[in-house]
Every structure is written in structure tokens, then in C-alpha cells.
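Taking it in order: structure first as C-alpha cells, then the write-up.
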Amino acid sequence: MRECSCLIWYIPPPSNRAAVARAAKSDLEPDPEAPVRLPVLTGEIAAQRIEGVSGVGAQRGKVLREAGIETLADLLLRLPRRYLDRSHIVPIEAAPIGEEVTLLVRVLRPGQAPRFRRGRQPPREVVVEDESGTLRCVWFRGGHYHNFEAGDLLALSGRLETYKNQRQVSHPEYEFITTTDDDSGARGDLLHTGGIIPLYASSADLQERGLRSRGFRRLVRAALSLVEGGIAAAVDESIAAGQDLPSLEAALKDVHFPPSRDRAEDGRRRLALEELHHLQREMDRRRQRRLSQAGASIAPSKQLVPRLIERLDFELTAAQTRVVEQISSDLQQSHPMRRLLHGDVGSGKTLVALCAALQAIEAGYQVAVMAPTEILADQHFQTWQSLLSPMGLSPALLKGGQRAAVRRELLTGMQTGALCLVVGTHALLQEDVGFSRLGLVIVDEQHRFGVEQREQLIRKSDAVHTLVMTATPIPRSLALSMYGDLEVSVLDELPPGRLPVRTALRSPDRRDRILAFVAEQISEGRQGYLVYPTIEESQASDLLSAEAAFEELSSGALARYRLGLLHGRLSTEEKRSVMSRFAAGELDVLVATTVIEVGVDVANATVMVIEHAERFGLAQLHQLRGRVGRGAEAAYCILVAYPTDTEGQLWRERLDALCATDDGFELARTDLRLRGPGEFLGTRQAGLPELQIADLVRDEDLLEVARAAAVGSDR
Ligand code: ADP
Ligand code: MG
């Protein structure tokens with residue numbers, strides 16, 4: 001999103017502007033394009049150039065450098081991708097179908113490399129054998145393989161399948177093995193020696209240029225002896241020992257030449273601990289830097305917040321009270337607040353934000369509230385207006401597509417300070433938008449904004465207090481590393497009386513019964529949502545669409561009820577009208593796309609049917625489901641899956657997880673496990689240091705240990 005390169009609160013006084021420019025250049029705030037590479041091994045020896053290793057001449061040095069290996073540390077941190085455990089090698093005939101297997105095989109028939117032909121290209125087939133039987137290896141177009149010769153010995157791994165009654169692996173990973181592993185001399189004939197052999201990433205590049213695992217092993221062994229006794233650990237060894245982990249030096253040896261599988265993993269974890277420690281230190285440095293900046297100190301609210309709370313017809317939850325206090329005390333500090341508030345769907349974040357806003361307004365500051373969609377901005381505007389107007393305050397709404405005169409008037413009001421609170425979409429980020437006394441920025445559902453926007457928000461709102469809110473609960477491990485430079489608040493409690501949404505997975509052939517159930521709910525005076533993955537039918541896919549379903553249901557199964565259609569392609573006015581009719585109970589059913597994913601708050605809606613649930617991500621499904629179960633009535637969510645063979649089984653795990661729990665944190669952890677951190681966050685985190693060794697899911701426990709060691713105390 002280009003337009004946000006200049007931000008709303010980018011109207012700081014000149015002195016501040018210089019600070020912004022400095023901050024942008026500061027090496028602590030890295031260019032998002034070039035994430036920091038964290039050190040894992042530090043010290044002079046680790047930094048020694050690779051050319052010092054025996055066997056590395058000019059030619060090999062060049063090959064290594066091109067593969068990103070310049071120092072001893074670079075070399076030693078290229079961990080084996082897997083190990084060939086001689087005691088665990090299975091014979092071909094005994095290998096379990098459908099699983100990842102590692103086999104030790106000999107090439108029997110190398111086959112022909114397919115000659116280039118127009119159109120379809122036959123796969124390359126190589127038949128390999130061991131004492132127990134034969135196995136076909138196939139490479140389809142685009143797969144990478146060598147020209148094997150009969151008799152080549154390979155360590156081979158991949159998922160074992162059967163095809164035409166024969167065992168087969170497609171696109172296996174493999175490595176050439178020589179019978180005499182010449183890196184140790186004494187190792188002898190690999191076929192007849194025990195032990196665990198490291199297999200390094202078969203970076204085709206390195207292999208092709210003569211550096212196969214065997215050569216790599218030799219280099220690693222040499223490097224290990226060079227660094228012996230010379231590597232200083234950043235994490236105190238007693239802390240590592242407390243986790244039953246070896247010393248850093250022992251870990252390096254174990255991870256490359258492990259005496260056992262467990263020792264290899266412990267070694268890796270020791271290195272991960274070291275890396276996570278550096279990550280925490282980096283985050284802490286960023287945080288310290290922010291604490292040294294100057295920001296407006298905003299006194300606690302004496303009038304507005306107490307008046308708001310008095311007017312509510314419910315009590316704040318204990319979690320809300322705690323977070324309101326945390327934020328209030330942040331705002332009183334003389335450095336800018338950067339707080340991330342995460343709380344599950346329906347945990348009442350809006351009210352917390354409102355208290356923060358009122359504190360700023362009472363002290364004479366302006367507040368900007370930014371929402372990711374128009375629907376949500378509209379809804380916020382209405383909520384805020386109804387809560388604020390009894391106090392004589394009136395928020396303004398700024399979004400795209402407003403008439404020029406309206407927009408001009410709004411902009412003037414913001415610039416003169418006449419408007420104390422503006423709710424908007426990212427129209428708020430446009431260049432001509434400016435404030436006279438902006439004190440607080442609140443970003444709702446921040447996960448829906450791009451990573452870039454988040455970075456820009458945080459980076460450029462230098463002197464302004466910032467509260468970002470998200471309903472995608474972030475597992476603590478990720479929060480600590482992604483947002484380690486922010487303060488984090490959690491609303492870990494739902495308002496009382498909420499019942500879990502009963503969730504079930506159903507197949508499409510039960511559609512009649514599902515619709516009958518929806519009809520039943522409506523007859524009881526409730527409302528419901530039917531969610532579709534696309535707006536309209538298309539020839540390119542078989543997906544059901546909101547428009548088609550709307551047509552079909554209006555004259556079919558739900559003809560007796562009042563149906564509304566809501567999707568992103570309607571005009572703003574149409575969207576608003578449908579939404580407000582639904583909220584007012586003038587529509588029974590909303591047939592919609594995922595535009596309703598966030599923020600929509602209609603307590604009388606008790607049933608949601610999600611068609612093609614297999615198409616949606618776990619976080620998104622959880623958000624969608626959060627639209628029901630907002631009132632006192634029992635609520636239901638019915639997932640309808642139309643899986644095809646090609647989609648793997650992950651959808652099934654996602655939907656099962658969703659049926660099993662309502663707990664957003666648990667779902668987030670599952671999601672993180674299924675997708676890995678990069679995917680989980682949508683895109684690689686700009687500015688987040690890259691991790692080479694640690695895995696935020698697997699090593700979550702170590703993150704806490706590293707943090708305690710790096711920062712000393714908990715926040
Ligand atoms: P979210 O965290 O998903 O943004 P909202 O702020 O939209 O949640 O709150 C969800 C609903 O819960 C709203 O209707 C709100 O008025 C209500 N609510 C908020 N706090 C409380 C509370 N302490 N007790 C009862 N209801 C509450
Ligand atoms: Mg919300």
C-alpha cells in the first residue's frame with residue numbers, strides 16, 4: 001500500500017521530524033528489506049574466514065562464499081538437514097507406505113533422461129534396489145535430478161507411495177554416498193558401519209560444484225577442531241545445563257556428529273537457545289531506544305472514563321480493568337506507548353480502547369481510530385458515537401469515497417483540532433490528512449493490515465502513543481519474538497455468560513437438514529449468517545457463491561424469510577444499509593462473503609453456516625465464528641466442507657480443531673503448528689530478525705528461558 005508511506009500523525013514539529021528521519025536510519029530499526037541476521041556464534045574465532053580451514057582453496061572458497069558461507073560460524077551453523085541413522089534404515093519392502101522414509105539404496109536402472117518434447121514430458125524414472133526389493137523413483141517435469149549410473153549408492157528420502165502396485169517415491173531427496181566415507185578414514189564401509197551420518201542440505205548448487213555432503217562433513221570436522229576452546233557462549237552454561245542442554249561447544253559437535261538422535265536434537269536446541277537469546281537482546285535494545293524517546297504525558301482521566309463506566313449496564317471484566325489500568329499508566333509516561341492488545345473475539349477490546357481514547361481527549365489531545373474495513377469503521381463509528389454523544393462528544397468518520405466537500409470539512413476539523421476523535425479506514429493514512437494535537441492512535445484488528453503498514457505505523461508514529469489491537473490471539477512465543485519490543489496486554493477473559501459456540505462439521509449432502517435448522521432458529525426469533533467463499537459464480541471454479549446462493553435460497557429453502565446479501569463489491573451505501581437492517585432485525589439471514597469476518601456485532605445472531613469451510617484458514621474461521629455467540633442464547637456454527645482429493649488433509653485438521661475448541665489461543669497454536677510462523681503471520685515479518693536455527697513452535701519453551709536470561713526480569 002503505497003499511500004501509507006506518509007502517515008496521519010506525520011505532522012510532528014520540525015524537531016520531531018528530524019528524529020523520525022534519524023530513527024529511520026538507525027541500525028536498530030533495520031530496513032525491512034534486510035532483516036538482521038542474528039549472531040549465534042560470536043567471538044573472533046567464529047568470525048574467522050573460511051579460507052583458514054584446511055582444504056579450502058581459492059576455488060572452494062568461492063563456491064562456499066556463493067552459498068553464503070564466509071566464516072567458520074557460517075559453516076558450523078549449516079546444520080545437517082537430516083541424519084542417516086544406520087540403525088534405523090529400513091529395507092524397501094519393510095518401509096511403511098504413505099510415510100517419510102530414509103532408505104539406503106543402489107541404482108539398478110538409471111533410466112533415460114527425457115528428451116525435450118513439446119507438450120507432455122514423460123517423467124524420469126530411476127529404479128533403485130536394496131537387499132529386500134526394488135523401488136521406483138520418479139521426477140516429473142521441473143524436478144531436479146542427476147544423471148545416475150547403475151551402481152551409484154544413494155541415501156534417499158521421501159514419502160513412500162504405491163503406483164500400479166509398485167513402491168514409488170516422487171521427487172525424492174537424495175545424496176550420493178561412497179562406500180568408504182573418506183572424511184574419517186576410519187569409518188570404513190558405510191554399509192557395514194554403525195553410527196549416524198549427517199546429511200547436509202542437498203543444495204544442488206553445492207553438489208554440482210563438487211561439494212557433496214561428504215566434502216562438507218570434512219570441512220565441518222576441520223572447522224570444529226579450529227574453534228575448539230574458543231567459542232564464548234552468550235547464554236550462561238549453567239542456564240543451559242538447567243534445561244538439560246549441553247555446553248555450546250559440545251552442542252556444535254553433537255549436532256554435526258551426533259552419538260545419538262537425542263544428542264543431535266539437544267545440540268540443536270542449545271544452539272537455538274543461543275540464537276533466541278540474541279533475538280531477545282535485539283528486541284530489548286529496540287525497546288530501550290523507544291523508552292528514551294520523548295512523548296506526551298497524558299494525565300489519568302478524572303471525568304470522562306468514570307462517567308463512561310457508570311453509564312454501562314454491565315461491569316468491566318477483571319481483564320478489562322487490568323488492561324485499562326496498564327494503558328492508562330503507559331499514557332502517563334513521558335515516552336510514547338507502544339502497546340499490543342490481544343484478546344479473543346468478543347473479549348471487549350472496544351471498551352478498553354474507548355477508555356484510552358477518553359483519557360487522551362480529556363487531556364486535550366486528538367485520537368485517531370483506524371479499522372481495516374469500511375464495515376468495521378462504520379460499526380466503530382456507530383458504537384463510539386452512541387457511547388460518546390451522551391458526554392457531549394462527537395466522533396467523525398473519514399473514509400474513502402466521501403464527497404469532496406465533506407472530506408474537506410473533516411480535514412479542516414482535524415487540522416484545527418476541532419475534531420477530537422476520528423474513526424476511519426486507511427483513508428486516514430493519506431497524505432493530506434493531518435492533526436493539530438494528535439495524542440493517541442488506535443489500530444483495530446491490526447492483523448488485517450499488511451505487515452508493511454504495521455511497521456510503518458509503529459515506526460513513523462514516533463512520538464504518538466499507539467495502541468494496536470488484534471483478535472487473532474498470538475501465541476506467547478510469537479508475541480515475545482515478533483512484538484518483543486512492544487508491551488503486550490492480553491484480554492484473557494470473556495464477559496460472563498457467554499456460551500461456547502457449538503460447532504460441527506457436516507458434509508454437503510446434509511444441506512437440507514442444515515437449512516432446516518437455520519429456519520428453525522429464525523422461527524425462534526434468531527438471526528443467522530450463511531458464509532460463502534466467493535461473490536459470484538465463475539467458470540474457473542466450482543465454488544458456491546454468495547450471489548448464487550442468495551438467488552437460490554430466496555426462492556427456495558428460505559423463501560419465507562427476509563434475506564440480505566452482503567459482499568465487498570456492493571457500494572458503501574448498500575453495505576451500510578444491509579448491515580443496519582440486519583442489526584435492526586429487519587433481515588433474518590445475511591448471505592455474505594468474509595466481509596463479515598471482523599467486528600460485526602449482532603447479539604441476536606445465533607447460527608452461522610460456513611460453506612466451503614475447507615477453503616478458509618483457521619484464524620479466519622475462528623473470526624467468522626466469533627460473529628455468533630455474542631448474546632445469551634446458545635449459538636451454532638456449521639462447517640460444510642467440499643474437499644477435493646488434491647487438497648491434502650490439513651483442512652481436516654483445521655476443521656477438527658475448530659470443532660474441538662472455542663479457545664482462540666489454542667487455535668492459534670494449532671494454526672502456527674500447521675502453517676509455520678512465516679505463513680501464520682501472512683508474510684515474513686518485516687524487520688523481524690531471521691532465525692536460522694530456532695523454531696518458534698518447537699522451541700517455544702526456550703524462548704522464555706532466553707528471555708529471562710536476556711532481560712533479567714519479566715515485564
Ligand atoms: P472484540 O474484543 O471482539 O472487539 P467487542 O469490543 O466488540 O469485542 O465486544 C463484544 C461485545 O461484548 C460488545 O457487544 C460489548 O458491548 C460487549 N461487552 C464488552 N465488555 C463487556 C463486559 N464487561 N460485560 C458484558 N458485555 C461486554
Ligand atoms: Mg473488535
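Quick note: residue numbers are just sequence positions, from 1. Numbering of ligands and ligand atoms starts at 1, following listing order.
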For ligand 1, which atoms have a heavy atom of [X] less than 4.0 angstrom away?
{"X": "Arg498", "value": "11 (C), 12 (O), 17 (C)"}
{"X": "Arg630", "value": "3 (O), 7 (O), 10 (C)"}
{"X": "Glu315", "value": "22 (C), 23 (N), 24 (N)"}
{"X": "Leu316", "value": "23 (N)"}
{"X": "Val345", "value": "3 (O)"}
{"X": "Thr317", "value": "23 (N)"}
{"X": "Gln320", "value": "19 (C), 20 (N), 22 (C), 23 (N)"}
{"X": "Thr350", "value": "4 (O), 5 (P), 6 (O), 7 (O)"}

For Phe550, give me all partners under ring-ring contact (aromatic ring centres under 6.0 Å, His included), at least two apart in sequence or on another chain.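 Testing Phe550 for ring-ring contact (aromatic ring centres under 6.0 Å, His included), a comparison that skips the adjacent residues, returns none.
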List for me each residue that meets ring-ring contact (aromatic ring centres under 6.0 Å, His included) alongside His612, sequence neighbours excluded, and say none if there are none.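 Once residues adjacent in sequence are excluded, the partners of His612 under the ring-ring contact (aromatic ring centres under 6.0 Å, His included) criterion are Tyr642.
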Flag this pair as yes if the NZ/CZ of Arg502 is under 6.0 angstrom from the six-membered ring centre of Tyr636 and inside a 45 degree cone about the axis; otherwise no.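 Arg502 over Tyr636 ring: no.
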Nitrogen or oxygen atoms of Gly346 and ligand 1 under 3.5 Å apart: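 N/O-N/O distance below 3.5 Å exists for this pair.
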Tell me whether Pro495 has any N or O atom under 3.5 angstrom from an N or O of ligand 1.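 No.
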Residue selection (non-hydrogen contact nearest atom 1 (P) of ligand 1) among Glu493, Lys349, Gln623: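 Selected option, by shortest heavy-atom distance: Lys349.
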Between Phe665 and His622, ring centroids under 6.0 Å: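 No, ring centres 6.0 Å or more apart.
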May I ask you to decide whether [X] forms a salt bridge with [Y], counting only side-chain N to carboxylate O separations under 4.0 Å?
{"X": "Asp662", "Y": "Arg625", "answer": "yes"}
{"X": "Asp663", "Y": "Arg669", "answer": "no"}
{"X": "Lys302", "Y": "Glu362", "answer": "no"}
{"X": "Lys349", "Y": "Asp444", "answer": "no"}

Answer yes or no for Ser347: is there a heavy-atom contact with ligand 1 below 4.0 Å?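 Ser347 counts as a contact of ligand 1 under the 4.0 Å cut-off.
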